[in-house]
Amino acid sequence: MTKRPDEFSLIEQIRRRAVVSDRTRLGIGDDAALLKVSGGEGVLVAVDVLMEGVHFDSERAGAQVVGRKALAVNLSDMAAMAARPTATVVGIVLPRRRAEQLGQELTEGLLSIAAEFDVDLIGGDTNTWDGPLVISVTLLGEPTGRGAVTRSGARAGDWIFVTGALGGSLGGRHLTFQPRVGEAQALHNMVNLHAMIDVSDGIASDIRHLARESVVGMVVDAGAIPIHDDVDRSLPDDQRLRHALTDGEDFELLFSVSEEDGRRLLEQPPLDIPLSRIGEVTLAEAGCRLRLPDGALTELPHGGWVHPFGDAL
Ligand code: ADP
Ligand code: MG
């Protein structure tokens with residue numbers, strides 16, 4: 001499609017600002033980008049599309065924050081594979097009336113987190129229309145020497161861990177969270193990660209994804225869930241727990257390891273952030289359950305976070 005002059009000038013600006021590393025043989029400016037790959041392990045690819053009015057309100061949050069988050073959610077996906085993110089391609093559709101300003105702010109936010117995580121911006125596509133802002137970010141990554149960690153390797157008897165603390169993210173943390181890329185690699189170096197996922201919908205939901213893919217059951221200890229300070233302290237305990245289990249957008253790592261590796265993680269925690277043992281893997285027939293402080297087992301609450309249509313970031 002024919003480009004408008006302001007789209008060209010935006011791309012020129014992005015091109016000047018996108019400093020790339022030597023793994024990018026050919027970046028912005030040609031018909032396609034050319035990226036070096038190291039080793040024969042393959043390339044990991046993740047994509048997320050964010051839409052104004054569904055996933056964010058750019059007037060309220062600021063387009064810079066939106067650009068940052070659009071890459072951050074993909075970085076969190078790469079972390080969940082224990083992979084090293086390398087390069088990103090970005091598709092943006094800008095509302096005509098605010099195209100220039102939004103395009104610049106988006107890029108600003110995106111490039112700042114790209115630099116922080118050593119990711120090259122190597123290409124994209126830019127369009128304007130009369131509709132709302134849409135941004136699609138594709139992130140490429142490489143597995144580390146120990147391979148990519150999938151959702152499907154949990155085994156009965158494994159211990160389940162989560163990084164950081166959970167709940168209350170929609171109060172604002174979801175815009176500024178730190179993807180656990182370095183943490184995933186530190187864990188991957190120290191232990192044999194059987195299965196891993198990043199917590200985007202809330203662990204009540206994400207634990208079911210792990211259980212389904214691994215064909216196992218899981219028991220979570222109510223008393224072991226690390227509840228974030230962002231969850232209102234004046235609420236009764238059961239409601240605070242429910243927030244921690246179902247709010248979502250925590251972007252922490254949820255993973256399982258053997259009991260032996262689990263003990264090592266508790267004895268010599270390798271991270272600067274908290275690491276909590278929250279339960280164990282069981283046989284598939286047992287399903288996904290919550291163990292209450294008195295030892296009683298109940299079904300894990302259903303329903304993680306579902307994007308509330310029209311709700312703002
Ligand atoms: P083509 O029509 O060949 O796809 P474009 O004019 O769309 O070329 O893009 C020119 C160059 O600018 C390409 O290298 C493309 O990857 C890059 N590019 C376009 N939009 C963006 C963007 N928003 N961010 C980064 N690179 C972009
Ligand atoms: Mg194009």
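Just so it is clear, the model here is predicted, and its values are computed rather than measured. Just follow the structure's listing: the first ligand is 1, and inside any ligand the first atom is 1.
Atoms of ligand 1 found under 4.0 Å from any heavy atom of Ile28 (numbered from 1 in listed order, with element): 12 (O), 14 (O), 17 (C), 25 (C), 26 (N). The Ile14 neighbourhood of ligand 1 comprises atoms 22 (C), 23 (N), 24 (N), 25 (C), with distances under 4.0 Å to a heavy atom of that residue. The ligand atoms of ligand 1 that sit less than 4.0 angstrom from a heavy atom of Asp30 are 13 (C), 14 (O). Heavy-atom contacts of Asp31 reach the following atoms of ligand 1: 3 (O) (cutoff under 4.0 Å). With ligand atoms numbered from 1 in the order given, ligand 1 contributes 19 (C), 20 (N), 21 (C), 22 (C), 23 (N) to contacts under 4.0 Å with heavy atoms of Thr126.
Residue Ile92 has no nitrogen or oxygen atom sitting less than 3.5 Å from a nitrogen or oxygen atom of ligand 1, judged on distance alone. For Gly124, a nitrogen or oxygen atom sits less than 3.5 Å from a nitrogen or oxygen atom of ligand 1, counting backbone and side chain alike.
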Inset, instruction - Go through the steps for Ser169 and Asp247 under the test side-chain hydrogen bond (donor to acceptor under 3.5 Å, both in side chains), then give the verdict. - result: CA-CA 7 Å; Ser169 177; Asp247 280 354; over 6 Å; no
Inset, instruction - Please assess Glu183 against Thr163 for the test side-chain hydrogen bond (donor to acceptor under 3.5 Å, both in side chains), listing each intermediate value before the final yes or no. - result: CA-CA 9 Å; Glu183 288 80 3; Thr163 59; over 6 Å; no
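Taking a 6.0 Å sphere around CZ of Arg151, one finds it holds 12 or fewer heavy atoms contributed by other residues, nucleotides or ligands. Annotation for Asp237: atom CG does not count as buried by contact number, only 12 or fewer foreign heavy atoms lying within 6.0 Å. More than 12 heavy atoms of other residues, nucleotides or ligands sit less than 6.0 Å from atom CG of Asp30.
In this structure a side-chain-to-backbone donor-acceptor pair under 3.5 Å is present from Arg146 to His188.
Residue Asp125 touches ligand 1 through backbone and side chain together, judged by heavy-atom distances below 4.0 Å.
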